[in-house]
Each structure stands twice: as C-alpha cells, then as structure tokens.
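Numbers restart at 1 for each chain; the letters A, B, ... are given by sequence-line order, proteins then strands.
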Amino acid sequence: MSRTKVSGVLPHGWAGIDFSKSALRVAQQLIGKQLTVSGVGGIIVETEAYDEGEAAAHSYTGLTPRNAPLFGPPAHAYVYLSYGIHWCLNIVCREAGHGAGVLIRALEPTTGIPAMMRRRGASDPHMLCSGPGRLGQALAVSPQLSGKAIDSSPFELKTSITAPSIVRGRRIGITKAPERIWRFGLRGSPFLSRPFPTLMKV
DNA sequence: TAACCGATTAGCT
DNA sequence: GCTAATCGGTTAA
C-alpha cells in the first residue's frame, strides 16, 4: 500500500493524509481515497467530522471503554454500535488524548462486491455502502477492529481520485450542534447516503 | 440493576 | 415523508 509520511516528524500520514490534523481537514482529505477491509471496500464519497469538546461527539462525556480509541493515537479505527444494530467506522485524528474523529458514511463499492452483496443481502450497488450502517455491514466492520491502526491489516487506504470536487452540508441524524456544517461528500456521486440539499462547494 | 438514549435502517404510506 | 425495530453504553439510584 502507499504510505506517505507527511509531517516529517509524526508518522501519521497515509495516502497523502496527515491524520494529526483537525477532523474538519481530515474529513475533507478522505473524500476520494480508496478504503478496504480485508480487500473489500471502495472509494470514500461521504464523511462527517466530530471534534473534541462538542456535544455531538462521542468523546464529549469523557473517556469510557467504548470510546477509548477516540482518545488514542491518530490514524486508528474507532468502531461503535449505533442504535443497538449498526457497527460504524470512524478514523481517529489530531493528537492522542484529544477525542476527535471522522465518521466514514458512504463508499462507492469497487472491490469485493460479491462479498458485500452476500453480507448485505442486496444486489443493488447503491444499497451496499451508502450509509454508515450499511457500509459497516458490507465491510464486516466489528468491535474487534476498534483501536486498530488504519495503515495495517486488515485495513488499506490508498489514493484514488486526485483533486476531487467536494461539497459540504449539515451532519445527519444528530440532535446536538446541528449548526456545524461538517458533512462532506464527493460532488455528484450516486453513492451518497443522502443528497446535499444546498450545494455548498468546499 | 434499571431506565434512558441514540453519529440508523427498512419498510411503509 | 413517517415510524417501528433494536440493544450496548451510560447514567442515576
């Protein structure tokens, strides 16, 4: 896989992304990168940023066994169970101890599509990875992956689309801090979990 | 140990 | 567009 050291000091850069930067920056930089778990995955087309100290973030109420990876080193996975059903994947950013991360909300499926169709019980490619819960099921995201480094097995993160056109909008499904326009998407992608109503270009 | 709450989805109307 | 389903983590007692 491609591993690019960005800062020269911090070993936190992969696929041209420096994960020691803010969630807001990393969320945008992840758009257009290819993410796979055990060779199954696709191109990231939708992300959301969650920053330390904001009420909508899982790190807001402090360190717990569940959210511990959020307070760990950047470029590691944080997996949580949503609504008691869906396993969702985040990537930790900033320095260790901050509690910031980026939720991966949707992929354009590219590799391992038969496995995704089997796990999801669906054949429509738009039903495989469009939404954090669907993506988690298609890539077999599990709590065992929580805390694992994003640059090592079973994860793989590569550069795919160069200079993607990115749009931004309001985060989905949150009740706290809705004013933060921290959802990002690949402009015009048919694999978004939901459309961006007002087309705010980044 | 019991109650409450979702960073959602699927299946309706 | 609307709503039920679903269950681990958190909080309060």
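- Not a single salt bridge (charged side-chain N to carboxylate O under 4.0 Å, His left out) links A:Arg25 to another residue, sequence neighbours left out.
- Within residues 109-137 of chain A, no residue has a heavy atom under 4.0 Å from DNA chain C.
- No continuous path of ILVMFWY side-chain contacts below 4.5 Å connects A:Ile181 to A:Leu24, so the two sit in separate hydrophobic clusters.
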Under 3.5 Å, which protein N or O atoms sit close to an N or O of nucleotides 11-13 of chain C? Give each pair with its distance.
none

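- When atom types are taken as modelled, the side chain of A:Thr47 and the backbone of A:Ala27 share a donor-acceptor pair closer than 3.5 angstrom.
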Pairwise N/O distances under 3.5 Å, protein to nucleotides 11-13 of chain B:
none

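- Listed by residue number, the members of residues 50-58 of chain A with any heavy atom below 4.0 angstrom from DNA chain B are A:Tyr50, A:Ala56, A:His58.
- Distance, A:Leu81 CG to B:dC5 C1': 13 Å, rounded to whole Å.
- Between the CG atom of A:Leu63 and the C1' atom of C:dT10 there is a distance of 13 Å, given to the nearest Å.
- Hydrophobic clustering, with ILVMFWY side chains joined whenever heavy atoms are under 4.5 angstrom apart, keeps A:Leu89 apart from A:Tyr83.
- Residue contacts shown for A:Leu103 include a base, since a base heavy atom lies under 4.0 Å away.
- The salt bridge (charged side-chain N to carboxylate O under 4.0 Å, His left out) check on A:Arg134 picks up nothing, with sequence neighbours excluded.
- When rounded to the nearest whole Å, the span between OH of A:Tyr80 and C1' of B:dT8 equals 8 Å.
- Considering only the side chain of A:Tyr78, B:dA7 comes nearest among B:dA7, B:dT8, C:dT10.
- Shown here are the salt bridge (charged side-chain N to carboxylate O under 4.0 Å, His left out) partners of A:Glu108, two or more places apart in sequence or in another chain: there are none.
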Margin query: Let's go through A:Ser59 and A:Glu52 carefully: what are the C-alpha distance in whole Å and the side-chain angles of both, what is the deciding distance for side chain to side chain donor-acceptor pair (under 3.5 Å) to 0.1 Å, and is it a yes or a no?
Written below: CA-CA 6 Å; A:Ser59 54; A:Glu52 60 169 329; over 6 Å; no
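- In this structure, A:Arg66 places its CZ atom 11 Å from P of B:dG6, rounding to the nearest Å.
- Side-chain contact between A:Leu192 and A:Val45 is present, with at least one heavy-atom pair separated by less than 4.5 Å.
- When hydrophobic clusters are built by joining Ile, Leu, Val, Met, Phe, Trp and Tyr residues whose side-chain heavy atoms come closer than 4.5 Å, directly or via intermediates, A:Met200 is not grouped with A:Phe196.
- Between the CD1 atom of A:Ile166 and the CG atom of A:Leu186 there is a distance of 8.0 Å, given to the nearest 0.5 Å.
- Residues A:Ile43 and A:Ile161 meet the side-chain proximity criterion, which asks for heavy atoms closer than 4.5 Å.
- No side-chain heavy atom of A:Arg170 sits less than 4.5 Å from a side-chain heavy atom of A:Arg183.
- The CZ-P distance, from A:Arg194 to B:dT9, rounds to 10 Å in whole Å.
- Salt bridge absent: A:Arg171 and A:Glu48 never bring a charged side-chain N and a carboxylate O closer than 4.0 Å.
- Note on A:Phe184 and A:Ile172: separate hydrophobic clusters, where clusters join Ile, Leu, Val, Met, Phe, Trp and Tyr whose side-chain heavy atoms are under 4.5 Å apart, directly or indirectly.
- Residue pairs meeting the ring-ring contact (aromatic ring centres under 6.0 Å, His included) criterion with at least one partner in residues 115-140 of chain A, sequence neighbours excluded, are A:His126-A:Phe191.
- What separates CD of A:Glu46 from P of B:dT8 is a distance of 10 Å, to the nearest Å.
- Among residues at least two apart or in separate chains, there is no ring-ring contact (aromatic ring centres under 6.0 Å, His included) pair with a member in residues 99-124 of chain A.
- Consecutive pairing runs in DNA chain B reach the stem threshold at B:1-6 with C:7-12, B:8-12 with C:1-5, where a stem means at least three Watson-Crick or G-U wobble pairs with distances under 3.5 Å.
- Counting Ile, Leu, Val, Met, Phe, Trp and Tyr side chains that sit under 4.5 Å apart, directly or through other members, A:Leu63 shares a hydrophobic cluster with A:Tyr50, A:Leu70, A:Phe71, A:Tyr78, A:Tyr80, A:Val92, A:Leu103, A:Ile174.
- As a whole-Å value, the separation of A:Asn90 CG from B:dT8 C1' is 14 Å.
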Close N or O pairs between protein and nucleotides 1-5 of chain C (under 3.5 Å):
none

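- Between the A:Ser160 side chain and the A:Lys33 main chain, no donor and acceptor come within less than 3.5 Å of each other.
- A:Tyr60 and A:Leu81 fall into different hydrophobic clusters, defined by Ile, Leu, Val, Met, Phe, Trp and Tyr side-chain heavy atoms under 4.5 Å apart, directly or through other members.
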